[in-house]
2 protein chains.
Amino acid sequence: MLSTLPQKRSPGRPREFDRDSALKAAMLVFWRYGYEGASLADLTEAMEISKPTLYAAFGDKETLLREALHMYLGLHAEAYTTALNLPTVKQIAEAWLRLVGGVREEAAVPSGCFVVQGALVGSKASRVIQDELASIRNEATQKLEQRFARAKQEGGLPGTWEPGPLAQYLSALASGLAVQSSGGVPPEVLNQAVDQVMANWPK
Amino acid sequence: MLSTLPQKRSPGRPREFDRDSALKAAMLVFWRYGYEGASLADLTEAMEISKPTLYAAFGDKETLLREALHMYLGLHAEAYTTALNLPTVKQIAEAWLRLVGGVREEAAVPSGCFVVQGALVGSKASRVIQDELASIRNEATQKLEQRFARAKQEGGLPGTWEPGPLAQYLSALASGLAVQSSGGVPPEVLNQAVDQVMANWPK
DNA sequence: AGGTTATTTTCCACATCGGTACAAAAATAA
DNA sequence: TTATTTTTGTACCGATGTGGAAAATAACCT
């Protein structure tokens with residue numbers, strides 16, 4: 001019998017570029033310039049492919065963005081899940097702020113958060129994308145809220161917090177940290193602010 | 001004799017539109033769609049003037065945005081000043097969050113904050129505007145920090161807060177509230193979050 | 001080798017972008 | 001009246017935007 005290889009080559013001319021690394025390049029461009037701010041010229045240059053090649057491999061710009069967004073989310077999904085599974089609400093809050101706030105040291109990626117600055121506003125033509133990113137933000141907030149609802153049952157929330165408002169508060173703060181980061185506020189400054197948020201965390 | 005009116009008319013055809021209300025219309029368009037998301041077609045339609053008229057009266061798009069931004073800031077300047085002059089840090093924080101967070105009921109204006117969503121990211125061509133808005137955000141943070149430094153001298157800050165991080169924290173949270181608002185999160189929800197932030201404010 | 005299939009390149013289509021030249025229109029000044 | 005000044009609408013500019021058609025190319029399979 002013939003061994004079922006991991007991937008069997010499909011007939012036809014093999015592509016000359018690595019689809020995944022091209023997609024990653026596109027993701028970084030969208031991340032930095034936003035959906036409408038990223039032109040096809042920016043994208044093709046970073047992806048090192050020609051325009052029709054991009055078109056053939058990824059479809060139109062909107063589809064490409066969705067795939068890039070999916071990759072972005074996938075790259076961070078593990079960290080999110082880990083954060084949500086931390087034992088205490090305080091630990092979750094801190095992990096969330098450091099993560100979503102985009103407060104990290106890696107200089108290889110753009111500052112800020114794809115989901116925040118990818119299409120916060122824009123022309124009517126990109127309304128669908130704007131709504132999609134807003135939905136993702138809302139879903140994240142809901143995940144937080146559900147986790148905090150569990151925490152409330154299991155032993156209470158800090159201070160006088162309720163799950164919903166606490167989730168909204170953390171989501172907003174995280175988005176705001178991303179805004180500041182995107183605007184050039186250095187990570188140390190933002191980290192220092194988060195430090196003191198945690199230091200003043202209610203019992 | 002003819003009465004010397006407050007302003008004597010200059011020769012030439014008088015303009016047929018009100019410059020100030022046209023500028024206000026432009027401000028609302030920039031606020032809603034952002035700098036690059038707002039096309040000249042959007043602007044001229046809302047301002048109810050033709051493209052050459054816009055050019056003669058306001059210069060290019062970038063100059064128009066600056067003037068619209070100036071109007072936006074002017075409309076809120078009084079509220080900012082009032083907030084900064086409140087007696088306690090807690091009162092300042094609450095006023096700031098309600099104001100800058102864009103958590104207000106007026107349905108006549110777009111949601112979110114001009115300074116946040118006007119040009120958070122975008123093409124390289126609009127980098128100047130992006131930086132300008134980021135500067136305005138930073139200046140606001142500095143104003144807060146200076147006020148908190150004064151408060152520290154006069155009697156201490158709540159919890160273990162220091163002026164710099166506290167200012168950064170509030171700025172970020174306000175920007176984040178604006179992001180959430182821009183994404184369609186209803187004002188009541190955001191106000192509820194702010195309510196609990198204040199309820200858990202450290203002594 | 002021949003045939004098939006997919007990719008790549010060259011060139012192009014068409015809308016929209018910000019920005020303007022021009023002359024008619026409407027007011028004041030002489 | 002005539003001249004001057006300023007605004008206004010029409011029509012247009014080059015550049016860039018996204019999106020594609022069609023032919024050339026390069027692998028695979030028999």
Side-chain angles (χ1 to χ4, degrees), chain A residues 2 5 7-23 26 29-30 33-68 119 121-129, chain B residues 2-23 26 29-30 33-68 118-119 121-129:
Chain A
L2 41 110
L5 288 163
Q7 82 284 7
K8 65 172 181 187
R9 295 194 68 157
S10 51
R13 175 176 177 171
R15 61 163 45 110
E16 297 176 354
F17 67 98
D18 180 41
R19 196 181 190 279
D20 230 52
S21 68
L23 180 58
V29 170
F30 279 131
Y33 299 117
Y35 174 56
E36 292 194 297
S39 69
L40 285 193
D42 294 328
L43 291 165
T44 53
E45 186 187 0
M47 301 167 78
E48 296 182 41
I49 58 178
S50 72
K51 224 181 330 178
T53 301
L54 184 153
Y55 220 78
F58 296 99
D60 62 2
K61 192 186 179 185
E62 187 175 326
T63 309
L64 174 61
L65 175 109
R66 267 186 249 274
E67 208 168 329
V121 294
S123 77
K124 294 161 193 162
S126 72
R127 184 61 192 271
V128 191
I129 305 294
Chain B
L2 37 110
S3 63
T4 50
L5 289 163
Q7 80 284 9
K8 68 172 182 183
R9 298 187 65 158
S10 49
R13 179 176 176 171
R15 62 161 45 111
E16 296 175 355
F17 68 98
D18 180 41
R19 194 182 190 279
D20 229 53
S21 69
L23 179 58
V29 171
F30 278 131
Y33 299 117
Y35 174 55
E36 292 194 297
S39 70
L40 284 191
D42 294 328
L43 290 165
T44 54
E45 187 188 0
M47 300 167 80
E48 297 182 43
I49 59 178
S50 71
K51 229 182 319 183
T53 302
L54 184 154
Y55 257 78
F58 297 99
D60 62 2
K61 192 187 180 186
E62 188 175 324
T63 308
L64 175 61
L65 175 110
R66 268 186 246 274
E67 207 168 331
V121 296
S123 77
K124 293 161 194 163
S126 71
R127 184 62 192 271
V128 192
I129 305 294

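Chain letters run A, B, ... following the sequence lines, proteins first and then strands; every chain starts at 1.
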Which whole-number value in Å describes the distance from [X] [atom1] to [N] [atom2]?
| X | N | atom1 | atom2 | result |
| --- | --- | --- | --- | --- |
| B:Leu40 | D:dA11 | CG | P | 19 Å |
| A:Leu64 | D:dT18 | CG | C1' | 13 Å |
| B:Glu48 | D:dG9 | CD | C1' | 16 Å |
| B:Phe58 | C:dG19 | CZ | P | 15 Å |
| B:Glu16 | D:dT7 | CD | C1' | 7 Å |

* Asked: Ignoring hydrogens and angles, does a donor from either the side chain of B:Lys51 or the base of D:dG9 sit under 3.5 Å from an acceptor on the other?
  ->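 Not at all, since no donor on one side and acceptor on the other fall under 3.5 Å apart.
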
Q.
Within the 4.5 Å heavy-atom criterion, are B:Arg66 and B:Phe58 side-chain neighbours or not?
A.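 Answer no - side chains too far apart.
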
*Side chain of B:Arg15 - closest among C:dG18, C:dC17, D:dT7*: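 Looking only at heavy atoms from C-beta outward on B:Arg15, the closest nucleotide is D:dT7.
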
Exercise for review: Identify which nucleotide among D:dG9, C:dT10, C:dG18 has an atom closest to any side-chain atom of A:Pro52, counting heavy atoms from C-beta outward.
Suggested key: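 Side chain of A:Pro52 sits closest to C:dT10.
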
Practice task
Specify the residue among B:Phe17 and A:Ala38 whose closest nucleotide of DNA chain D lies further upstream toward the 5′ end.
Solution key: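 Closest to the 5' end, via its nearest nucleotide, is B:Phe17.
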
By nearest nucleotide on DNA chain C, pick out whichever of B:Tyr55 and B:Pro14 is the more 5' one.
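Its nucleotide being nearer the 5' end, the pick is B:Tyr55.
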
Checklist entry - Would a distance-only check, ignoring hydrogens and angles, find a side-chain to backbone donor-acceptor pair under 3.5 Å from B:Glu36 to A:Glu36? => result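 Not a single qualifying donor-acceptor pair exists.
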
- Task: Using both distances under 3.5 Å as the test, list the Watson-Crick or G-U wobble partner of C:dA30, or none.
- Result: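 Answer to the pairing question: D:dT1, which forms a Watson-Crick or G-U pair with C:dA30.
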
query = Which atom pair, heavy atoms only, marks the closest approach of B:Ala119 to B:Tyr35?
reply =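 That closest heavy-atom pairing would be CB-CB, 4.4 Å.
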
Can you tell me if the side-chain N/O atoms of [X] get under 4.0 Å from OP1 or OP2 in [N]?
| X | N | result |
| --- | --- | --- |
| B:Arg13 | D:dT8 | no |
| A:Thr53 | C:dT7 | no |
| B:Ser50 | D:dT8 | no |

State whether the number of non-hydrogen atoms from other residues, nucleotides or ligands found under 6.0 Å of B:Arg127 atom CZ is greater than 12.
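Result for CZ/B:Arg127: open.
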
